[in-house]
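All values reported here derive from a predicted model rather than from experimental measurement. All values below were derived from every heavy atom in this structure, side-chain atoms included, with hydrogens, water molecules and symmetry-related copies excluded.
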2 protein chains.
Amino acid sequence: MARITGSNGARTAAAIRRVALRLIYRQGFAAMNLRDLAAQVGIQPSSLYNHIVSKQALLSDLMQEHMTALLTATDAAVAAAGPVLMDRLRAFIGHHVLYHTERRHEVYIANFELRALDPANHARIVAMRAGYEARLMALLREGVDAGELDIADIPVTAFAMLAMLTGICTWYRPNGRLGKAELVALHTELALNGIRRR
Amino acid sequence: MARITGSNGARTAAAIRRVALRLIYRQGFAAMNLRDLAAQVGIQPSSLYNHIVSKQALLSDLMQEHMTALLTATDAAVAAAGPVLMDRLRAFIGHHVLYHTERRHEVYIANFELRALDPANHARIVAMRAGYEARLMALLREGVDAGELDIADIPVTAFAMLAMLTGICTWYRPNGRLGKAELVALHTELALNGIRRR
DNA sequence: GCTGGAAACGAAGGTACGTTAGTTTCCAGA
DNA sequence: TCTGGAAACTAACGTACCTTCGTTTCCAGC
């Protein structure tokens, strides 16, 4: 046997990425091995290399795609919220929570597998992440300047908010006790109450 | 050569744990290898086995010791705060932040290397962690019952608070811009403002 | 209907890792 | 002073991993 009847490059490539996300999420990048990945995709290990450059490049690609998608979706959500600051801040938070429940594998990996990247890839992903953090800091800065928010230290507050909101993807499970809408509402209030002028 | 002049079992064992904490923190458990660990301790790889049972047991021991220390120290800090609820809650938060800046390697590992534990060790550590979370939930429940706190969902709120407070150890560096006392104050206010009755 | 490339296969190379075995040296306690 | 065990050493085993190589098969486009 060699090429399988009905095999399809695009479909296999998509399956590799989908399975890889799940395996890396569950076991970590270093602990994941390409034999398991290939087996779950349904091909031989060597066939992976028709679709990936290397294990490292696979991780790097997954992360880069995720960060690009996150930044794009975030900008769209904030822009759709209109001009009022607190609406935009709510949109940022709500979108963040929603995105982190719906794509928790990608998010978890992007947050906790940075150290598995080689230096060049690491620098690129970290820069994108800094861009995301900068968007939140800019909103906080606006709120402080407008007198609507009371924040002692913008960078630390931004990190704390993101840590809280990102923590969701470590325990969230679909079919859990709370629905997505409730999680969004709950976290939005928690975060905003923490920084609102009183 | 064989046994080195002046070698000392207790000192070597301590060095192994110290170096292992640093390596696992930086690279992750799966990516850390015993040859590097031994080299940084200053012994041969095989000599590690005079002090550890296996790589897995080393991780498990480090985590168990950390969780025991955390629970003990937390209980002491809360008990020392006296009987007033908000004092105890502040003590819990403040102690958490302080502990997480001072022992960020242990904390980070205990939070993010759970999946590297084999099932038996995993169950034991998760149970201890649940105990920690339960302590915070009990304080929140007290606050709600006393009418001092306004919390929509105690478990989710506890997870969110812990995620926020634990996030510190992913970016905190000694000699950073802010001192520990400032971080404690800042995070305490952020967390309490999020849940205080208004 | 042919054909070239895409996409799979089987086999294996080379390395790095955790661990074990057997040996040697030091030192505390008798 | 002698000795047994603690703690180090050297050497190596077996495995698992990422990756490469050469081959085979399918199918889209001419």
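- Every pair passing salt bridge (Lys or Arg N to Asp or Glu O under 4.0 Å) that includes a residue from residues 48-70 of chain B is listed here, sequence neighbours excluded: B/Arg17-B/Glu65.
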Only distances under 3.5 Å count here; give the side-chain donor-acceptor pairs of residues 46-53 of chain A to other protein atoms, sequence neighbours excluded, each with its distance to 0.1 Å.
none

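- For A/Leu34 and D/dC18, the CG to P distance is 4 Å, given to the nearest whole Å.
- Pairs of residues two or more places apart, or lying in two chains, that qualify as ring pair (Phe, Tyr, Trp, His ring centres under 6.0 Å) and include a residue from residues 122-147 of chain B are B/Phe92-B/Tyr132, B/His96-B/Tyr132.
- Evaluation of the ring pair (Phe, Tyr, Trp, His ring centres under 6.0 Å) rule for A/Tyr172 yields no partner, not counting sequence neighbours.
- The distance between atom CG of A/Asn33 and atom P of D/dA16, rounded to the nearest whole Å, is 10 Å.
- Under the salt bridge (charged side-chain N to carboxylate O under 4.0 Å, His left out) criterion, A/Arg103 pairs with A/Glu106, sequence neighbours left out.
- Here side-chain hydrogen bond (donor to acceptor under 3.5 Å, both in side chains) pairs that include residues 28-41 of chain A, with residues two or more places apart or in two chains, are A/Arg22-A/Gln40, A/Asn33-A/Asp36.
- Residue pairs meeting the salt bridge (Lys or Arg N to Asp or Glu O under 4.0 Å) criterion with at least one partner in residues 172-183 of chain A, sequence neighbours excluded, are A/Glu102-A/Lys180, A/Arg177-B/Asp153.
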Give every donor-acceptor pair under 3.5 Å between a side-chain atom in residues 145-152 of chain A and any protein atom, sequence neighbours left out.
none

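- Applying the salt bridge (Lys or Arg N to Asp or Glu O under 4.0 Å) test to pairs two or more places apart or on separate chains, those with a residue in residues 123-139 of chain B are B/Asp75-B/Arg135.
- Contacts between residues 35-51 of chain A and DNA chain C, counted as heavy-atom distances below 4.0 Å, involve A/Ile43, A/Gln44, A/Ser46, A/Ser47, A/Asn50, A/His51.
- Contact check of residues 52-66 of chain B against DNA chain D (heavy atom, cut-off under 4.0 Å) returns no residues at all.
- Residues from residues 22-32 of chain B lying near DNA chain D, meaning a heavy-atom separation below 4.0 Å, are absent.
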